[in-house]
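Just so we're on the same page: letters track the sequence lines, and every chain starts at 1. Here the structure is a predicted model, which means the values were calculated and not measured.
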Amino acid sequence: METRDKILDVANEQFTQLGVRYVTMDDIARAAGVSKKTIYQEFDDKGRLVYESFKRSMDNDQAFFEALHSEVSCPIEHFVLISKYIRSRFAKINPLVFSEIQRYYPESWKLFQDFRNNCAVRTITEVINSGKEKGYFRSEINADILALIRMDQISGIFDPSRFSPSEYNILDIQMTVMDHFIHGILTDKGRELFYKINNQD
DNA sequence: TACCGT
DNA sequence: AACGGT
């Protein structure tokens, strides 16, 4: 269904950039070049449209993680690429959106939390375990606990009340936190490879 | 597009 | 008054 995709594209772009409550159904209809009636034929109400549009982008994220998993064999490189992807992904989302859906769209909020706590955390856990097996990450670390900690770090980076956007930029925080975290889990062998990877670009 | 209810 | 919904 072509129009449904178009509506979802437009809705997702406007919601993430401007905020869910700021964007009206009239705005989306106009930008998508359809009537409001067409939107309501596809989606029961605004809450469903919000839900479906976020679900769609999280399905894309999951597909991206799965592609990385099969294409990247080096756990250190894999770890860095995941961090980069999450940063670029969150950077496009107006932080306002998170508080909005938490308050006004509980189903979408639950979807987001499930994605974070299951898909994202599991992906990080797998990479840490793979690095342990290959001797790049210290064998004594607990991958489950550290994956949760890493997830909290990544979320915290984008929380404007923790890192004021006027004082820090996302890229600097991301690099600092990522560097600190990975040094805590690298073996000597892993550290060598990490430096080699960092110096080749 | 005009309109109604919140 | 503005916006979701018809």
Side-chain angles (χ1 to χ4, degrees), chain A residues 1-68 81-124 147-148 150-174 177:
Chain A
M1 189 147 294
E2 177 71 17
T3 59
R4 184 185 167 87
D5 285 342
K6 177 72 179 168
I7 294 165
L8 285 170
D9 278 348
V10 168
N12 196 269
E13 192 186 324
Q14 302 225 6
F15 286 152
T16 49
Q17 282 179 10
L18 303 167
V20 173
R21 276 160 67 80
Y22 181 85
V23 177
T24 70
M25 296 301 267
D26 284 304
D27 291 334
I28 294 166
R30 206 176 321 112
V34 300
S35 67
K36 271 206 290 182
K37 178 166 183 176
T38 306
I39 297 182
Y40 281 104
Q41 276 168 357
E42 296 290 340
F43 308 96
D44 287 347
D45 52 29
K46 188 178 182 181
R48 288 306 298 172
L49 179 56
V50 172
Y51 183 93
E52 299 288 341
S53 90
F54 283 117
K55 169 135 180 48
R56 200 151 160 273
S57 51
M58 285 184 240
D59 287 346
N60 281 336
D61 295 334
Q62 185 160 3
F64 181 85
F65 287 147
E66 279 161 16
L68 271 193
L81 288 172
I82 289 170
S83 299
K84 270 191 183 173
Y85 180 76
I86 296 178
R87 170 169 52 78
S88 68
R89 188 62 177 71
F90 274 67
K92 291 171 193 150
I93 302 177
N94 188 330
L96 177 71
V97 172
F98 297 111
S99 46
E100 281 181 326
I101 64 169
Q102 186 170 11
R103 198 173 290 175
Y104 302 107
Y105 298 92
E107 286 180 14
S108 297
W109 179 244
K110 187 176 182 305
L111 183 76
F112 172 71
Q113 283 182 310
D114 285 348
F115 173 78
R116 224 182 52 161
N117 298 331
N118 297 320
C119 178
V121 170
R122 191 180 310 120
T123 301
I124 297 171
L148 285 171
R150 179 68 187 135
M151 193 66 243
D152 284 345
Q153 285 184 341
I154 294 171
S155 306
I157 288 171
F158 298 94
D159 181 353
S161 66
R162 288 184 64 188
F163 293 102
S164 156
S166 59
E167 279 186 72
Y168 304 100
N169 77 68
I170 298 287
L171 186 60
D172 286 342
I173 311 167
Q174 156 87 17
V177 174

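Using the six-membered ring where Trp is involved, A/Phe54 and A/Phe15 have ring planes that are parallel, under 30° apart on the 30 and 60° scheme. Note: A/Tyr168 and A/Phe163 have perpendicular aromatic rings, judged against thresholds of 30 and 60 degrees for the angle between ring planes.
Within the 3.5 Å criterion, the main-chain N or O of A/Val20 finds a donor-acceptor partner in the side chain of A/Glu100. A/Asp9 contributes no side-chain N or O that, together with a main-chain N or O of A/Lys6, makes up a donor-acceptor pair within less than 3.5 Å. Judged by distance alone, with hydrogens and angles left aside, the side-chain atoms of A/Asn169 form a donor-acceptor pair with the main-chain N or O of A/Asp172 at under 3.5 Å.
Among the protein residues, A/Lys37 comes within range of no part of the nucleic acid, since none of its heavy atoms lies under 4.0 Å from any strand.
Under the side-chain hydrogen bond (donor to acceptor under 3.5 Å, both in side chains) criterion, A/Asp152 pairs with no residue, sequence neighbours left out. Listed by chain and number, the residues in a side chain to side chain contact (heavy atoms under 4.5 Å, CB included) with A/Lys36 are A/Met25, A/Asp26, A/Ala29, A/Tyr40 (sequence neighbours excluded). For A/Ala91, the side chain to side chain contact (heavy atoms under 4.5 Å, CB included) test picks out no residue, with sequence neighbours left out.
When the C1' atom of B/dT1 is taken as reference, atom NZ of A/Lys36 falls 10 Å away, rounded to whole Å. Taking atom CG of A/Asp45 as the reference point, atom P of B/dT6 lies 17 Å away to the nearest angstrom.
A salt bridge does not link A/Glu42 to A/Arg48: none of the charged side-chain nitrogens sits closer than 4.0 Å to a carboxylate oxygen.
Of all the residues in residues 7-27 of chain A, A/Val23, A/Thr24, A/Met25 reach under 4.0 Å from DNA chain C with at least one non-hydrogen atom.
Heavy-atom contacts of chain A under 4.0 Å fall on DNA chain C between two terminal nucleotides, which in 5' to 3' order are C/dC3 to C/dT6.
Consecutive Watson-Crick or G-U pairs involving DNA chain B, each under 3.5 Å on both distances, make up stems of three or more pairs at B:2-6 with C:2-6.
Residues A/Thr24 and A/Asp27 have side chains that bring a donor and an acceptor to within less than 3.5 angstrom of each other.
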